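What follows is a single structure, written as structure tokens, with notes after it.
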Amino acid sequence: MTTTAAPATGERTAQRNDPGAAPRRRRSGRLRRIGLPYLLLLPALLLELLVHLVPMVIGIVVSFRELTQFYVRDWTTSPWAGLDNYTLSVDFDAPVGQALLHSFLITCLFTVVSVGLCWLLGTAAAVFMQETFRGRGFLRTLFLVPYALPVYAAVITWAFMFQRDNGLINHVIHDQLGLTDSPPFWLLGDNSFFTLLVVSVWKGWPFAFLIMMAGLQNIPRDIYEAAALDGAGVWQQIRRITLPSLRPVNQVLVLVLFLWTFNDFNTPFVLFGKSAPAAADLISIHIYQSSFQTWNFGTGSAMSVLLLLFLLVVTGLYLLFTSRGKKASDG
């Protein structure tokens, strides 16, 4: 017993002689606890750096070079172009600039309509699902099926359904209902825009439904009961209670839907292939065609950088206006 107690007694004596030993141990333990989460996040941060940031930097560098198929083997040997690629992209009197402007306008129209419909359908479904009724759980699961399906599998299914000769859409509207004189082309011409819009809304509105349904859970039911006792109808409750309470959720939801829809590449690529029709020429697929079909990677990279700058500006302005609106409403 004397042998085992001696080191402890000596340690306590050393602690009394050195009053800063205990605070130093507590400080080092606190540092280890604080640094452990960052240490665990380090692999994910390094992977994010390799997957996103490094290609982004390389793309910016390539946008200042005349990188064509002749320099693909070693892109560092391509001639320096300076701002020529950017000048060519924004020269709306030239064919390249006109095509990019047309694609940009198509993308803006497509994004506004798609985001608006996704938000409207998601909000309406979320409000409807707040009421208790038989089969509500089944409907919730059914509504989330488009969001849970893999993008490629879902879009390929829609592409088969929109086929002119043997697709389900033409079979219903032409063969069974007789609404058209001849089976229309849905994947060609002007109808391709509506085809792309239908698939995008079908694929995106369940996400809005999920977010809005989660936001509605934070609104106390007592407020609706008090409003009903005061004589407020359903539309007044939605206008005066639901929408103002969901304003923070809507701000994030609209921004996320805008960025996803504006940058959507998988849907038009799987639906139309490598060359989308002019009516559905989204800017993402247009940049792909400019880079990998004409083999002018410098111009394609410049278009990508311009798209990045546009999205950064729009996101910054959106956050600025929404924050000002929040301060005004709070004040």
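Keep in mind that this is a model prediction, so the values were computed, not measured.
- Panel note: side chain S290, backbone H286; a donor-acceptor pair is recorded below 3.5 Å.
- With sequence neighbours left out, the side-chain contact (heavy atoms from CB on, under 4.5 Å) criterion links A125 to F143, W205, F209.
- The number of heavy atoms from other shown groups lying within 6.0 Å of OH (Y318) is above 12.
- By the ring pair (Phe, Tyr, Trp, His ring centres under 6.0 Å) test, F262 is found to be paired with F258, F310, residues two or more places apart in sequence or in another chain being considered.
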Open item on the list: Evaluate N85 against F64 for side chain to side chain contact (heavy atoms under 4.5 Å, CB included), listing each step before the verdict.
Closed with: CA-CA 7 Å; N85 293 324; F64 294 100; 6.0 Å; no
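- Within the 4.5 Å cutoff, the side chain of Y224 has heavy atoms near those of the I219 side chain.
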Donor-acceptor pairs under 3.5 Å, side chain of residues 109-121 to any protein atom, not counting sequence neighbours: which ones?
unit_1: T111; atom_1: OG1; unit_2: T107; atom_2: O; d: 2.7
unit_1: S114; atom_1: OG; unit_2: S200; atom_2: OG; d: 3.0
unit_1: W119; atom_1: NE1; unit_2: N250; atom_2: OD1; d: 2.8

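- H171 places a side-chain heavy atom less than 4.5 Å from the side chain of Q176.
- Side-chain contact between P79 and Y71 is present, with heavy atoms from C-beta onward closer than 4.5 Å.
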Residues 295-307, side-chain donor-acceptor partners within the protein, below 3.5 Å, at least two apart:
unit_1: N296; atom_1: OD1; unit_2: T299; atom_2: N; d: 3.4
unit_1: N296; atom_1: OD1; unit_2: T299; atom_2: OG1; d: 3.2
unit_1: N296; atom_1: ND2; unit_2: T299; atom_2: OG1; d: 3.2
unit_1: S301; atom_1: OG; unit_2: F297; atom_2: O; d: 2.8
unit_1: S304; atom_1: OG; unit_2: G300; atom_2: O; d: 3.0

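- Between I58 and V62 there is a side-chain heavy-atom pair separated by less than 4.5 Å.
- Evaluation of the side-chain contact (heavy atoms from CB on, under 4.5 Å) rule for T315 yields L255, L259, L319 as partners, not counting sequence neighbours.
- With a 4.5 Å cut-off on side-chain heavy atoms, D175 and N170 do not count as touching.
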Hey, can you pull the donor-acceptor pairs under 3.5 Å for the side chains in residues 233-241, sequence neighbours left out?
unit_1: Q236; atom_1: OE1; unit_2: G233; atom_2: N; d: 3.2
unit_1: Q237; atom_1: NE2; unit_2: A232; atom_2: O; d: 3.3

